[in-house]
Each structure stands twice: as C-alpha cells, then as structure tokens.
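Each remark here refers to the structure printed beneath this line.
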Protein chains: 2
Amino acid sequence: MEKAYHSIGELAEATDTKVETVRYYERIGILPAPKRTSGNYRAYSAGHLARLSFIRRARDLGFTLDQVRALLALADQKKQDCGTVDALAREHLADIDRKISDLKALRRELSGLIGQCKQGTIADCRILSALSPR
Amino acid sequence: MEKAYHSIGELAEATDTKVETVRYYERIGILPAPKRTSGNYRAYSAGHLARLSFIRRARDLGFTLDQVRALLALADQKKQDCGTVDALAREHLADIDRKISDLKALRRELSGLIGQCKQGTIADCRILSALSPR
DNA sequence: TGTTGACCCTGTACCGACTACAGGGTGCAG
DNA sequence: CTGCACCCTGTAGTCGGTACAGGGTCAACA
C-alpha cells in the first residue's frame, strides 16, 4: 500500500521542485496548505502530489502561474465543456510561435556577425558597429 | 544643425524606451548621468543617445544588461582585439539555439494537445489529462 | 542516553529588468 | 495667469522563484 502522507522534501523530489518553491506555491495560494504533523511538519496527501505535478507540468509547458490557476479552476469545476481549455492552449501556442520567430530572426542577425572579427581591433569590430546606432 | 541636447522624453522616444527605464539605466550605472538644465531637467548629448541606442539594440538581441555592460566596456577601451566580443556573441548564439529548440519541442507537445477537446466535457479533456500526473 | 546530522519551520531579503505610482516642480501656449 | 504636458525624486510592485538566518524535530548510531 502507498504511503498516506509525504513530507515536503519527498513532494519536492517527486515533482522536481525545490522545497522553497513548494512553500512559495502554498503562500501564493496555488497549492492548498496541507495538514501538519505533531511536530508542525507539512503532511501532503496524494491529492497534493497530483496538483503539484499538474502545476509543474503546466509551468514546464510555459504557462504562467495565472494561466495554471485558470486551468486548475476549470479542472476543479468538472462537467463544463473544455473549449475554454483548448482556447487557453491555442493562445499559448500563438505566444510560442511568436517567440520562435523572434528568436530565429535574432539568430540570423547574430550569426551573420560572428566570425567577422578574426584579426581586427575593437575600432573596426563588426559586432560592435552592428549594435551601434544606425 | 542638430539639437545639442535632448530631454529624457525625446531620448526615450528616439530609442523606443520608457522614460522610467532611462532613469533606471542611469541608476544602475549603465547610462552615465547627463548634465542638468537650470530647472534640473536631464540634458542628454548625442553620446548619450548613441549609448542608449546601443544598449537597447543589444537588449533587443537578447543580451542581459551584464553582457551589455561587458560589450560597452570592450567598446570603450578600443584597440584591443575583438576576439572577446566575438566569443561573447558566439556564447549568446548557443543560448539562442537552445531556446529555439526548447520552444520547438514545447510547440510540438502543445499543438498535439490542441483540437482534441471539440465536444468533450472537462471530465475527459485531453489537455487536462495530459497535464495530470502520469 | 546523548549527540550528530538531515531534515523541517518561519520570516525576510534578494534576483533581473523593468513598471507604476505619489507627490511635487518646470515650462510654455493661449 | 491658468492649464497642461512634461519633468523630478523616491518608493513599492511585478513575476517566479531563490537564498539565507535563526531556530525546531526526528531518527540513527555510539
């Protein structure tokens, strides 16, 4: 049988989170405060583990904590249609696409600059002049 | 003839920066404090404009303020070989490549989830279950 | 039984790179 | 001379944590 409760350290390790971060999530109200042991240690249930896993995974996917809050709120009130969730994800995908194309533009620009300074002095460094006011 | 001095608002507009950000740059010592008018307004020279343009452009390209500081220090002490600058840029390019591939992986994952929830209820939403503990 | 040492507690301050006021002063046009 | 846009300083807030300081708890081992 599974252990009924987990310490904060176990929870943190299981979800690849720092202990301080778990406490931070509790403080900002995204992870409910668990029961305490007689020694005042936090005692987390499987539900806490599930919720923290959800939060971490969504964070890994780049959702902000506010978006995670929204997703959790939706998940909590079941029986609604999940178009809202889909819309949230689509919006997020559009953000990601924007970032990717920005980074690609940046990459092109920067890689064009590299390797042009092999023996020059700062005075005629192409990277610095590319960054200088046009 | 060009105007000799610029107000903080003009400088900000010319470099697409917020006025508060310009003051912030001065406070952290990356943009030198300009002369003041009799009314205690900041009066920026063309040199300030050039330096701020440099900072903003480097920031747009994703350099941190610390990296910008390093670039400015190099640019200031001319006549050195610019291999250092080149190395800094190469390092940065590697960062960009990492970011791009991370985002692409994320994109794949997220776009696989989207569009699977057309008529379901939250109870069987694939996005939510993909986020739930495995 | 006593003492290590790993873990836990609270509270607060800090990070980067800004952003947003509050509460006041300046400068110019009508 | 009044109104308004702009400027000043100083401080606090944003996001998502991270890093202590200064203590308490617990289990194992001598």
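Reckoned from all heavy atoms, side chains included, excluding hydrogens, waters and symmetry mates. First the proteins, then the strands, lettered A, B, ... as listed; each starts at 1. Because the structure is a prediction, the values reported are computed rather than measured.
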Q: Quick one: list whatever passes salt bridge (Lys or Arg N to Asp or Glu O under 4.0 Å) with A:D97, sequence neighbours left out.
A: B:R107
Q) Can you list the residues that meet the salt bridge (Lys or Arg N to Asp or Glu O under 4.0 Å) rule with B:R59, with sequence neighbours excluded? A) none
List the atom pairs, with distances to 0.1 Å, where a side-chain N or O of residues 19-31 of chain B and a protein N or O form a donor-acceptor pair under 3.5 Å, not counting sequence neighbours.
unit_1 : atom_1 : unit_2 : atom_2 : d
B:Y25  : OH     : B:R56  : NH1    : 2.9
B:E26  : OE1    : B:R42  : NE     : 2.8

Q) Does atom CD of A:E13 have more than 12 heavy-atom neighbours, drawn from other residues, nucleotides or ligands, at distances under 6.0 Å? A) no
Atom [atom1] of [X] and atom [atom2] of [N]: how far apart are they, to the nearest Å?
X	N	atom1	atom2	result
B:E10	D:dA5	CD	P	17 Å
A:E13	C:dC7	CD	C1'	13 Å
A:D16	D:dG16	CG	P	18 Å
A:L31	D:dG16	CG	P	16 Å
B:Y44	D:dC6	OH	C1'	14 Å
A:I55	D:dG16	CD1	P	12 Å
A:I28	D:dT18	CD1	P	12 Å

Q: Check A:A89 against B:L110 and note the closest heavy-atom contact, atom names and distance.
A: O-CD2, 3.8 Å
Q) Is there a side-chain contact (heavy atoms from CB on, under 4.5 Å) between A:R36 and A:Y41 once you walk through the steps? A) CA-CA 5 Å; A:R36 298 295 181 113; A:Y41 283 19; over 6 Å; no
Q | Degree of bending, the helix from C:dT1-D:dA30 to C:dG30-D:dC1 (end axes from five pairs; round to 10°) | A | 20°
Q. Looking at B:R42, does any N or O in its side chain come under 4.0 Å of the phosphate oxygens OP1/OP2 on D:dC7?
A. no
**Q.** B:R98 bridged to B:D102 by N-O distance under 4.0 Å
**A.** no
(Q) Applying salt bridge (charged side-chain N to carboxylate O under 4.0 Å, His left out) as the test, list every pair that has at least one member in residues 62-74 of chain B; sequence neighbours left out. (A) B:D66-B:R69
Q.
At under 4.0 Å between heavy atoms, how does the protein contact nucleotides 17-26 of chain C? Give one character per nucleotide, 5' to 3', with B, S or -.
A. BBBB----BB
Q) Going by atom types alone, do B:K35 and B:Y44 pair a side-chain donor with an acceptor below 3.5 Å? A) no
